[in-house]
Structure formats: structure tokens, C-alpha cells
Amino acid sequence: MTALTTLSLAQTAAALRRGDFSSRELTQACLARIARLEPALHAFITVTPELALAQADAADHRLAEWRRLSPPFSSFANGGGPGWGLLGIPIAVKDVLCLKDVRCTAGSRILENFIAPYTATAVERLLAAGVVILGKTNTDEFAMGSSTENSAYGVTHNPWDMSRVPGGSSGGSAAAVAARLAPAALGTDTGGSVRQPAAFCGLTGLKPTYGRVSRYGLIAYGSSLDCVGALARSAEDAAIVFTSMAGRDPQDATTLDVPVETITIRDSTPLADLRVGIPQEYFVAGMQPEVESAVRAAIQTLEALGAVVEPISLPHTQDALPVYYIIAPAEASANLARFDGLRYGPRQPADGLWDVFRNTRGERFGAEVKRRIMLGTYALSTGYYDAWYGQAQRVRALIRQDFEQALARVDVIAAPVTPTTAFSIGAHGDDPLAMYLEDIFTLPANLAGVPALAFPVGFDSRGLPVGMQLMGPHFREDMLLQAAHVFQQATEWHKSSPMV
Amino acid sequence: MSLTLSQVEHIAHLARLALTEDETQQYCAQLSAILEHFTRLQAVDTSSLPPAASGSPAGSNLRSDEPRPGLERDILLRTAPDVVHDQFRVPPVLEEQ
């Protein structure tokens, strides 16, 4: 049954509709692979086999009905059209998105026994499309981290090299898809948490425009930055997941009324006249030379496919790191105030109310979460607010303006996702600033709210994947996905899988 | 840019975090190093633009204010740490003098 797990999502969807195999058979193949590889990989916090098989049976029922009612399905070679692309497809969900009646930990001991009271809108929409949920994937605690080492439930290993991190914070989702435990997974990207693990694990990862996908039912970290995104093995697969969950949700006032067009990925569209900007600020001293050369080679491939490449400048790129690490912790310090030991999670016994708060939070939050709460509390505190939080918001406006000005000249911006390939577990030990510096290339897109798509463009000498990202104007996920698809039609990087 | 131990203790108090002495020392050193690295922000000229509160391409999009059912009480209470008479039980809010 292992062969079933080697297909792309689009191929799997077409095979399910043809009846080559059932969703139950497929789900069983995924669950068997999870059982075999999880001890070494640890991609999941919670696996939900019974739920998955029940959803698979329901999907098989709908598929049988569809076959009975539909015209010959041989014409559905490429996914089968809108609305059907996910029926019976197993996916994994990052453990910060709520699924009703299933434990949701956010990677934290403060939520170790929390059972979600409702389902996140993004997940609900995928369920309506007929997905099968295999389980909840490992994450840095409250999505705060770049390696998944900050999870209270253990470290996830990179399937390309088990001694290395899968990236983070959506490291469990990335490891699961790269190891072919699932054809796609949901992640969240606040400062790069979909794109960086996608790059480290050789996947295609989409961070949509801010406000494109509802945050209702997502355990909040940085509310002005959080985006629900997809990790998959190709741009075509990521497009299917993205279009199924995007769009206005009355439960999230930041979601937008802009219609989500069905993204029709065209195999034959050349990149004629696509203007690609290359920001000089993203090719910095100290980056791994193999990353730079793979990204530059990929840019040449885009050019060979018809794109017009030109240098651009995003002058405030270096400021994105301090701006992000003031704004996100400030928002986190407010969002995480709700974890007080009164309404959910364990309560640390103490004499008075204040000590219940202090002891529960002090005992149950991990080191990085406490560090960010402290940093954010400081940046918002009397006497320091304007110098830190206020100034960060003002510089954020400049970063946003950088993108507006650049994207008036070019259609998309191409850049590396990370300065290096996947680093070793424990490499950044107790040096938080070194870990923050891993995010320098992914933070600006979140601060500007623009969509960004990471995809594989090569390997380093150790055989570790290298990623490139395309960033584009608000709402133009379709352009990024189409360009990456054309690139993937001409290259083989995304087809490589780790030997696990 | 260097924080003092008493500043760190004050921040921990504001954030309602009980820290051990070791943690206080460690956060003092780490937060000082992080803020030192971030001082470059103070030099950026921001006079040309108003501040940006978000990356959202549009403002917020409010739904109509109509009553609708909320979540069920039993579901909300099922993972509470202490429940009595279908309510959250909490330690006394007002402390004795």
C-alpha cells in the first residue's frame, strides 16, 4: 500500500474518483506509514485513526454517489474541478487549529488536557470538502519558534536527516508531508512558520495574504500577522488546499470580501513577461553559498521560462527582525493573558488568585513563550511603549511601503527563504537571538501582509533541500502558484522525497 | 541596552509570571542582548508615514450585530480545572486586608 502515499494530492484525487482505490484504503496506508515512521520522526502530537477512518468511509460514500451521477470521469485527470479536489484526501492539521472534540495543545503544557469546543473555520471548510483528518501535528509552543524544538511534546526530526530540525513552527506538518505520511497539511505562518519548514523539508508552502483565510479557531499568537497556510508537495496541490479554505468568514473581522477565484493551474502557460524582482538585501554576507547558488540558478530557470528579471531594493529588510520581534511578542503577551489557570488547562495550586496566575503561567509555559511574553510586556509597558512598540509600528509602515513600491515595478519578488539549509537539533541551544536570525528572509512578508510561496529549488552538498520564495501583491496567490507550477513543470526538485 | 534585575522582576510581575531566580538572571541577560540588537530601530527615520497596525490590505469587516447561539455550557466547562454548580470555581478575588 506504500505506493498510494507516493502520489501527489491531485493524482490521488483523480485516482479516488476513478475508483482505483478507496479513501479507506488510502487512509489505512497513511495510518500504517504513520505507525511505522512516527517513533523516529515524531511529526504528530495526536493521531486520530478512528476519526480518520470514519471520515474516509463517509468520503467513499460520497465518491460512490459522485461516480453514479457524473459523466465519464476520464476527463478529470487533473484534480477534477473545483469542490471535488479534496474529497477523501487525508491531511494533517497543525495542533494550533481547533478540531471539535479533539485535544488541541498548541505544543504547550498549559493546554495539555484541552479539548477543542469547536472547529476552526479553515478546518471546517476542508471537512466540508471531504478531507480525512489524520491527526494534529507537532509545533513550537504557541507557534513560537523556528525549529519545533520549543514543543513541550518533544522534537520533530527532519526526514531528510533525522539529526536535523524540520524547521518551525509548523515542523510537524512539514515532516509529515515530506515523509509522505499525508499528501498535504495545514500550517500557520506568523513570521515564516509555513515557508521555513517547507524550505527545510523540500516542500511547497503557501503563506496567503493576511486576511485571506479565517483565523477563527486558530489559537492566536500575533493577531496582526497570523496566517493559516498549506504545505504540500507541489504548487498545484497547495492551490487545491488553499482555495478550499480561503474566503470571507463572518467569525473573523479581518477576513476580506475579495473573491477567491478558482485557481486554474495551466501546464502550458509560459512566464512570458512575468516581471521578477530580485532584492539585493536578501543576498547577505554569511548565508550558505549553496543556498545562494541554488536560488540564483532557479532565478535563471525562471528567466529561461520567459520571465523578465530585474534587480530591486527593499531598503528596510534589515529592520524587519527587530520590528517583528517587538510586534509579535507584544501581541502574544496580550493574547496569552487568557491562559490563567481558571477556565481551561491545569491550575497550579496556590493560596490566592494572583499566585494561581503567576504559578500556573510560570510552571506551564515553556522558556521561549515566557521570553516572548516578557519581551512583549516590556515593549508595551509605561515609559517604553513609544520607543519600542510605537517605533516598531512606524517602521512596519516603511516595510509595507517597500513592498508597495517594489511591486509597482515588478509582478513578483524572488528571494531565498532561509540563509541556510536545515540546522542540527540543538544547534542554537540557549541562544534565542541566533534562532531569531533564522527568520530574517520570511518576516517581511508577514509585516507587509503580502502572500508568499516557498518551493524547493535544489539541494546542498549534504543532500538537504534549498527553498526559494516568491512574494507578490495582496490577493495574488494565483500568480505565485501559477509561476511556481510552471517552474515545477520544468524541474524535478519538488519530486524528490527523502529515503524514509 | 541593558535591563536590571529589578526591571526584569517588574516585567514578570506585569506579565503574571512566577520566575525562579535562575530564570530571572537568564532572562535579564537574554532580553538585554536582544534589545541591544534591536536598538538599530531607534535610528530609523519614520517621519514620512503614519504607523501601521497591521499588514491587512483592508480595514476590518464587521458582521451584523445579531444575536445567535453561543457555545454550550457543558462543552465549555469540560476542560475547566475546577467546576462547581456548572460554574468555574476560582480562588477569592478580593483578598482580606
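Every chain is numbered from 1, with letters handed out A, B, ... down the list of sequences.
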Please state whether the side chain, the backbone, both or neither of [X] comes within less than 4.5 Å of a heavy atom of chain B.
| X | value |
| --- | --- |
| A:R400 | side chain |
| A:Y118 | side chain |
| A:L256 | both |
| A:V395 | both |
| A:D257 | both |
| A:L380 | neither |
| A:A320 | neither |
| A:Q251 | both |
| A:F403 | neither |
| A:A367 | both |
| A:V258 | neither |
| A:T209 | side chain |

Is the shortest heavy-atom distance from the side chain of [X] to the side chain of [Y] under 4.5 Å?
| X | Y | answer |
| --- | --- | --- |
| A:L321 | B:H37 | yes |
| A:N113 | B:P81 | no |
| A:F114 | B:T79 | yes |
| B:L17 | A:R358 | no |

In terms of heavy-atom pairs under 4.5 Å, which option from [options] contacts chain B the most?
| options | answer |
| --- | --- |
| A:L375, A:T254, A:I373, A:I115 | A:I115 |
| A:Y210, A:Y436, A:F475, A:F365 | A:Y210 |
| A:P250, A:P322, A:G362, A:G449 | A:P322 |

Quiz prompt | Partners meeting side chain to side chain contact (heavy atoms under 4.5 Å, CB included) with A:Y384 (sequence neighbours left out) | solution =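 Side chain to side chain contact (heavy atoms under 4.5 Å, CB included) check on A:Y384 returns A:Y378, A:S381, A:W388, B:Q7.
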Quiz item: Can you name the side chain to side chain contact (heavy atoms under 4.5 Å, CB included) partners of B:D65, sequence neighbours left out?
Solution: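 With neighbours one apart ignored, the set is empty.
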Quiz item: Is B:R78 paired with A:D101 through a side-chain N to carboxylate O contact shorter than 4.0 Å?
Solution: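 Between B:R78 and A:D101 there is a salt bridge, with a charged N closer than 4.0 Å to a carboxylate O.
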Tell me if a side-chain donor or acceptor on [X] pairs with a main-chain N or O of [Y] at a distance below 3.5 Å.
| X | Y | value |
| --- | --- | --- |
| B:Q42 | A:A387 | yes |
| B:Y27 | A:K370 | no |
| A:R361 | B:A15 | yes |

Option in [options] with maximal non-hydrogen atom pairs under 4.5 Å from chain A:
| options | answer |
| --- | --- |
| B:V8, B:I75, B:L41 | B:L41 |
| B:L14, B:T20, B:I34 | B:I34 |
| B:L31, B:L35, B:L76 | B:L35 |
| B:H10, B:E72, B:R68, B:H13 | B:R68 |

Please round to the nearest 0.5 Å and tell me the distance separating atom [atom1] of [X] and atom [atom2] of [Y].
| X | Y | atom1 | atom2 | value |
| --- | --- | --- | --- | --- |
| A:Q318 | B:R40 | CD | CZ | 5.5 Å |
| A:M374 | B:L19 | CE | CG | 5.0 Å |
| B:R16 | A:L336 | CZ | CG | 15.0 Å |

Quiz item: Around A:D351, counting heavy atoms of other residues, nucleotides and ligands shown, do more than 12 lie under 6.0 Å from its CG?
Solution: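 Open: at most 12 neighbouring heavy atoms sit under 6.0 Å from CG of A:D351.
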Quiz item: Which residues pass the ring pair (Phe, Tyr, Trp, His ring centres under 6.0 Å) test with B:F38, sequence neighbours left out?
Solution: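 Result, ring pair (Phe, Tyr, Trp, His ring centres under 6.0 Å) vs B:F38: none returned.
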Quiz item: With only heavy atoms counted, which part of B:I11 is less than 4.5 Å from chain A, the side chain, the backbone, both or neither?
Solution: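 Interface part for B:I11: both.
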Exercise. Select all residues of residues 43-50 of chain B having any heavy atom within less than 4.5 Å of some heavy atom of chain A, and report them by number, or 'none'.
Key: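 Heavy-atom contacts from residues 43-50 of chain B to chain A are B:V44, B:D45, B:T46, B:S48, B:L49, B:P50.
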